[in-house]
S.K.: 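Mind having a look at this structure? Questions to follow.
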Amino acid sequence: MSKNKGLDFNNMGAWSKKAKMGFCVVISLFILVMAYLLHIRSQREELVSLEAKEVNLRMEFEKKQVEVANLEPLRAQLERMEQALHQMLRQLPSKTEMPDLIVDISQTALASGLSNELFKPGPEEAKEFYAEKPIELRMVGSYHQFGAFVSGVASLPRVVILTMHDISLKPRSGKPGSIGQGALELSGTVRTYRYLDDSETVMETPDPARGGR
């Protein structure tokens, strides 16, 4: 140690062999420590981050894999639901059957003993899968006659759906001994429905040159 105290860094060539080797070892250790601090540590931190990202990606992949495995059954279920909906819609009247159906409803009311004071079909309103037709009406009759009318409509060849909107049912005023005494008056709007043909469900793309017509 006493010999190394007088080492001249300006004349390293004059150092002893042991001093040179010791100095090289110190420099090597210093380089290794600095390399770790400057490069290896940052690489290790990046590795830890990538490992955590790999875990998250693996979990997401497994989740997607489960979803893909369930995709085909869901598609099959959706297809069955669409087929069932299509079959239900096909039970409704068609476009060509609708005029006769309106007449059948009116005739069923008369056959049930009801008085049709107003029976006015309105224009159709096309929806996504079906069309609905409003009918303004005012009918007069007894409770049992209205029951017979509902039963008669339900027994028509085609499935007839009547939904009531702004309907009122109230006793019909009349003089004592008159026909209207004790009768009920049904007034308002009902809607009946039909399915749209395949050609009607295809929407035309608006043509800007024709003003969207």
S.K.: Where is the tightest heavy-atom contact between G141 and F146, given as atom of each residue plus distance?
M.R.: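 Looking at all heavy atoms of both residues, the shortest contact is O-CE1, 3.6 Å.
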S.K.: How close do T108 and D104 get, heavy atom to heavy atom, and via which atoms?
M.R.: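 Closest approach of T108 to D104: OG1-O, 2.6 Å.
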S.K.: Taking the side chain as everything from C-beta on, heavy atoms only, tell me whether L118 gets closer than 4.5 Å to L137.
M.R.: no
S.K.: Hey, any chance M21 and L32 share a hydrophobic cluster, counting ILVMFWY side chains that come within less than 4.5 Å of each other, even indirectly?
M.R.: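 No.
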S.K.: I'd like to know if the side chain of S106 reaches the main chain of V103, judged simply by a donor and an acceptor atom lying under 3.5 Å from each other, with no hydrogens or angles considered.
M.R.: no
S.K.: Given side chains that start at C-beta, do those of N70 and E72 come closer than 4.5 Å, heavy atoms only?
M.R.: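 Counting from C-beta outward, N70 and E72 never come under 4.5 Å.
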S.K.: Please report the closest heavy-atom contact between I102 and P121, naming both atoms and the distance.
M.R.: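 The answer is CG2-CG, 3.7 Å.
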S.K.: Testing the basics here: between S187 and R138, what is the closest heavy-atom pair and its distance to 0.1 Å?
M.R.: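 The answer is CB-CG, 4.0 Å.
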S.K.: Can you check salt bridge (charged side-chain N to carboxylate O under 4.0 Å, His left out) on E62 and R58, steps first, answer last?
M.R.: CA-CA 6 Å; E62 292 175 353; R58 188 181 297 275; 5.6 Å; no
S.K.: If you measure from CG on L110 to CG on N116, what distance do you get to the nearest 0.5 Å?
M.R.: 4.5 Å
S.K.: Before giving the answer on salt bridge (charged side-chain N to carboxylate O under 4.0 Å, His left out), spell out for E125 and K133 the whole-Å C-alpha distance, their side-chain angles and the decisive distance to 0.1 Å.
M.R.: CA-CA 6 Å; E125 299 177 15; K133 191 174 187 67; over 6 Å; no
S.K.: Do you know which two heavy atoms are closest between P134 and P123, and how far apart they sit?
M.R.: CD-O, 3.2 Å
S.K.: Taking S142's backbone N and O only, do any of them form a donor-acceptor pair with Q145's side chain (distance below 3.5 Å, no angle check)?
M.R.: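 Yes; at least one donor-acceptor contact below 3.5 Å.
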S.K.: Could you walk me through whether E132 and R191 satisfy the salt bridge (charged side-chain N to carboxylate O under 4.0 Å, His left out) test, starting with their C-alpha distance in whole Å, then the side-chain angles of each, then the deciding distance to 0.1 Å, before giving a yes or no?
M.R.: CA-CA 6 Å; E132 60 180 37; R191 294 178 182 270; 2.9 Å; yes
S.K.: Assigning hydrophobic clusters by single linkage (Ile, Leu, Val, Met, Phe, Trp, Tyr; side-chain heavy-atom cutoff under 4.5 Å), is L114 placed with I167?
M.R.: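 Yes; tracing contacts between hydrophobic side chains, which count when under 4.5 Å, links both residues.
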S.K.: Working to the nearest 0.5 Å, report the span between SG of C24 and CD1 of I31.
M.R.: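 Spacing of SG (C24) from CD1 (I31) equals 9.5 Å.
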S.K.: How many angstroms lie between NZ in K170 and CG in L186, if you round to the nearest 0.5 Å?
M.R.: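 Taking NZ in K170 and CG in L186, the distance rounds to 11.0 Å.
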S.K.: My understanding is that only one of S94, P93, P99 makes a side-chain contact (heavy atoms from CB on, under 4.5 Å) with T96; could you say which?
M.R.: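 Only one option passes, and that is S94.
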S.K.: OG/S49 to CD/E54 distance, rounded to the nearest 0.5 angstrom?
M.R.: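 That separation rounds to 11.5 Å.
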S.K.: Is there a path of hydrophobic side-chain contacts, each under 4.5 Å between heavy atoms of I, L, V, M, F, W or Y residues, that connects I135 with L156?
M.R.: yes
S.K.: Measure the shortest side-chain to side-chain distance between E117 and M139 over non-hydrogen atoms and say whether it is less than 4.5 angstrom.
M.R.: no
S.K.: A183 and V140: which non-hydrogen atoms are nearest, and at how many Å?
M.R.: CB-CG1, 3.9 Å
S.K.: Taking side chain as C-beta onward, heavy atoms only, is M98 less than 4.5 Å from T192?
M.R.: yes
S.K.: Kindly state whether the ring of Y130 and the ring of Y193 have centres lying under 6.0 angstrom apart.
M.R.: yes
S.K.: Rounded to the nearest 0.5 Å, how far does CD of E82 lie from CD of Q77?
M.R.: 11.5 Å
S.K.: Please write out which residues are connected to V55 in a hydrophobic cluster, directly or through intermediates, given that two of Ile, Leu, Val, Met, Phe, Trp, Tyr count as joined at side-chain heavy-atom separations below 4.5 angstrom.
M.R.: M59
S.K.: Heavy atoms, side chains only, cut-off 4.5 Å: are K64 and E60 in contact?
M.R.: yes
